[in-house]
4 protein chains.
Amino acid sequence: MSGSLRRTIGSRQDTERSLAFLLAFGAAMQGTPKPLRPRKSPRQKRSSDTRERIVQAAARVFVEHGYAAGTTNRIAEEAGLSIGSLYQYFPNKDALLLELTHRHIEEGRQVVVAALERGLPSDCNDRVALFVDTALEAHRGDSRLHQVLFEESPRPPALLAELHTLQNALVDTIAELLSAAPDVDFSDARLGAWFLVSTTESLTHRYFADRPTSDITVFREELITLLTAYLRHERTNEPTAGGS
Amino acid sequence: MSGSLRRTIGSRQDTERSLAFLLAFGAAMQGTPKPLRPRKSPRQKRSSDTRERIVQAAARVFVEHGYAAGTTNRIAEEAGLSIGSLYQYFPNKDALLLELTHRHIEEGRQVVVAALERGLPSDCNDRVALFVDTALEAHRGDSRLHQVLFEESPRPPALLAELHTLQNALVDTIAELLSAAPDVDFSDARLGAWFLVSTTESLTHRYFADRPTSDITVFREELITLLTAYLRHERTNEPTAGGS
Amino acid sequence: MSGSLRRTIGSRQDTERSLAFLLAFGAAMQGTPKPLRPRKSPRQKRSSDTRERIVQAAARVFVEHGYAAGTTNRIAEEAGLSIGSLYQYFPNKDALLLELTHRHIEEGRQVVVAALERGLPSDCNDRVALFVDTALEAHRGDSRLHQVLFEESPRPPALLAELHTLQNALVDTIAELLSAAPDVDFSDARLGAWFLVSTTESLTHRYFADRPTSDITVFREELITLLTAYLRHERTNEPTAGGS
Amino acid sequence: MSGSLRRTIGSRQDTERSLAFLLAFGAAMQGTPKPLRPRKSPRQKRSSDTRERIVQAAARVFVEHGYAAGTTNRIAEEAGLSIGSLYQYFPNKDALLLELTHRHIEEGRQVVVAALERGLPSDCNDRVALFVDTALEAHRGDSRLHQVLFEESPRPPALLAELHTLQNALVDTIAELLSAAPDVDFSDARLGAWFLVSTTESLTHRYFADRPTSDITVFREELITLLTAYLRHERTNEPTAGGS
DNA sequence: CATGAATGAGGCTTCATTCAT
DNA sequence: CATGAATGAAGCCTCATTCAT
């Protein structure tokens, strides 16, 4: 596996704002045979049942009330235990957020892993479709939680760094696929990868927020069309007139 | 106003999340010379530059600390004023946010108006370029503030409604242009408009956050390429295999 | 419930201003064993004597400083608690006031209930004496608190409505007794009842504030005299000369 | 003039709460030939027109908003001048309250003076009627302002002392009249006077708040009846059974 | 480990009052 | 004397977190 983790990413703090779900794509593709967990039991043994309840409760509360109004007390109540107990499992509110974010990404990874188990298609179009389907699948879960996690909440620097890493991994992976593909011709494969990833992620996220069409398959087709058109486009290097 | 699937847009709460800058495009193109706000009344004397100081301070503080940690006291301090003075100019924190949002949109509108005064290009490519340039120009200001305003902060219902209206205006306008264009062929012009607007907005916003390339003209070319490829794509109606 | 000009009372906002203590008389006489409030739920454990401490502290603070200067922080301090704890027991300052008011009325009711358990006297004079004694007993507690509660503080509409109801009950009850009495002759029994109630309440309240005589039995005798004279007075219907 | 200003009054701070209007009665009766001002021009020369406007504005604002919500800024606005100017005429909010209170009493005095110029009636009944009419007349002006002034507002100690003096003067004056009257027989004339004054004042005040009857003349008759019955009552010295 | 009462820093906002012009 | 911008103490209330039981 070649150039991963190049920190092309600028200094702006919020780059990775909403790539989260797809980040998993990168993680999964790079490590397809290296799943973080032996993906076996649906309920991992690492966490007590109580811890699980808290996480679920936090997700529900954040979805319903947003980050600011999602108080630890409310979460404890929703989880059916005392605030004191909650703090026995998580040292603070940020830790909850962190856990939720990790799970979010992990869930995305599972989606991708499942897809890849059926084999990565060889046809470019099919790969794009798979990519889009993965994004849709990952977002379907809870677009509102996604928003709370990646837009509304303050993210601690540690999480920020982690997300940077994941995002870069994804972009790099896609860039490699692009470089290897015979039928596309990018002068800057990494930038192309960034466009693909960003477009897919953004539009998918927006779809669930805006619902520009009620038929999700229509949206899916259109997004695939957009991405395919971009990939297939014959590139010239004459700059467009004007410019900022 | 001709055909276009107006109001197809669902009731989801976050549609207008980040279209903000471009919203002005729609408003301006529909020839709206009516400013969104009474154009900041000249007020008495010139003491109203205190108001200006507050707004600027608020922008800086929100950019640096985000919405939640951007306290009114911090803003007052940043403006070099007592908290009491701040409240003589703005009735509450939300009013500051509102002012900032309106200015944001208004600034975008100015960019568009300036562009249109030089005439709407007849060539499709040039139109796309103008669209992208406008988005870039509008975003150049402060993408982090944009994020705070449209993603992180709670937006009052009144503002939400206003943004919806503007967004619809923009999408409708683009949809009409698409319908009238001889060389593109959309089965659903409004959805196509939504894709164009969303893609442009999202990617522009992300560009300033991520800086996937340090040369903005490279980014600009690539985005134009993406949009043009999408517009030019020959459409078939055979659904892609798979699907979610 | 027989004759009586029920609901003649106007809509003016302050009717129930200071009848509070006696209101219980009406409630009790109409045989209302239903307590005004769920009888202060036993709550959990015994930590609810914290609640008691707060209420007592609030009473002391309001008595000493009045409503406006009786700040929640002062009350918390007086109760030996942090401000946060106070707000765990009462959602806001008004709730404290409400609790105090209800207790005030409830205490009055207890006084009356105790009196009635010894039977309502048949002799008119004795009834008047009982009435006066009840008022004195009820007011003995704290006339300054009474004033804060019923004159100085803003009363929420819900409380206002409740007090109206209670006051009307009292006046109606007295009016019926007057109608049924053989030795008195009122053209308007309800107005007579209003005079009796208002006079008793006002003078009792004032007694504790003014102490026009240090011997409370002297005051008691005089008030009974006043009320009895009023009841016994032979009524004519010739209006007095003059008038406003 | 005999025993005036005896400080029988207890230490409770709020005795004089609402006697205000009638206080003037005492003042006027004692000093009938000594009016505070040569009662000539309707607008005294002592105050500038501006000061007058402020006082009127304060009255209106307090009536409409109550004491707490009657801010100095609102008063200045209502008076049509700047807050700075207001503070050139009154050193603080309390001073406004003081002025208003003094005027309130003075207005009451004017009512009494006017009445007395027509001569104090010799008949006891007529005197009672005059007393009641005076109280009604004084209260008619603004019962809500009265309430703000004497119940809702914090009164500075200086004002408290002043009111004490006035109230005592009134009670003493009435006590003297009672002592001199042939047809009444009080063992404690001062206590009797206190009853008369307190009853009249309280019930009148309550009448305007409660409106137990819409016909003011009915109320007037009944109050006269009450007071007359009290004065005429044949007194025995056997204490009533019971007692607190 | 669970509980939930207690804590208190800190946020938003008001308003009497001052002061430079 | 008028003006009104500026001040800042102080009030109400929230909520993440701690700690005694």
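Because only heavy atoms are used, hydrogens play no part in the values below, and waters and symmetry mates are left out as well, while side chains stay in. Note that the coordinates shown come from a computational prediction; the quantities given were computed from them, not determined experimentally.
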Please report, rounded to the nearest Å, how far the [atom2] atom of [N] is from the [atom1] atom of [X].
X	N	atom1	atom2	answer
D:Phe62	E:dC15	CZ	P	12 Å
C:Asn73	F:dA9	CG	P	16 Å
D:Glu77	F:dT3	CD	P	13 Å
A:Lys93	F:dT14	NZ	P	15 Å
C:Asp94	F:dG11	CG	P	17 Å
C:Leu97	F:dC12	CG	P	12 Å
A:Ile54	E:dC1	CD1	P	12 Å
A:Leu86	F:dT18	CG	C1'	13 Å

Answer whether the closest heavy-atom distance between the side chains of [X] and [Y] falls below 4.5 Å.
X	Y	value
D:Thr72	D:Tyr87	yes
C:Phe90	C:Leu98	no
B:Leu97	B:Lys93	no

task = Would you mind telling me which residue lines up with the more 5' stretch of DNA chain F, D:Ser82 or A:Thr72, judged by nearest nucleotide?
result = D:Ser82
task = Select from A:Tyr67 and C:Tyr67 the residue whose nearest nucleotide in DNA chain F is closer to the 5' end of that strand.
result = C:Tyr67
Is [X] near enough to [N] that one of its side-chain N or O atoms lies under 4.0 angstrom from OP1 or OP2?
X	N	result
A:Ser85	E:dT3	yes
B:Tyr89	F:dA5	no
B:Tyr87	E:dT14	no
B:Thr50	F:dA6	yes

Among [options], which is the nearest nucleotide to the side chain of [X]?
X	options	value
D:Ile83	E:dT18, E:dA9, E:dA5	E:dT18
A:Gln88	E:dT3, F:dA5, F:dT17	E:dT3
A:Asn92	E:dC12, F:dT17, F:dC12	F:dT17

request  = Provide the Watson-Crick or G-U wobble partner of F:dA9, both distances under 3.5 Å; none if there is no partner.
outcome  =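 Pair assignment: F:dA9 / E:dT14.
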ask   = Which nucleotide, in any strand shown, forms a Watson-Crick or G-U wobble pair with F:dA20, with both distances under 3.5 Å?
value = E:dT3
task = Remember a base hit wins even if backbone is also touched, and classify A:Phe90 as base, sugar-phosphate or nothing at under 4.0 Å, heavy atoms.
result = nothing
task = Take the angle between the ring planes of B:Phe150 and B:His104 and call it parallel below 30°, perpendicular above 60°, tilted in between.
result = tilted
ask   = Do other residues, nucleotides or ligands put more than 12 heavy atoms under 6.0 Å from B:Gln56 CD?
value =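 Count over threshold, so yes.
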message = Please determine whether salt bridge (charged side-chain N to carboxylate O under 4.0 Å, His left out) holds for the pair C:Arg103 and C:Glu107, giving the CA-CA distance in whole Å, both sets of side-chain angles, and the decisive distance to 0.1 Å.
response = CA-CA 6 Å; C:Arg103 288 190 177 209; C:Glu107 279 167 24; over 6 Å; no
request  = By nearest nucleotide on DNA chain E, pick out whichever of D:Ala68 and A:Gly84 is the more 5' one.
outcome  =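 This one resolves to A:Gly84.
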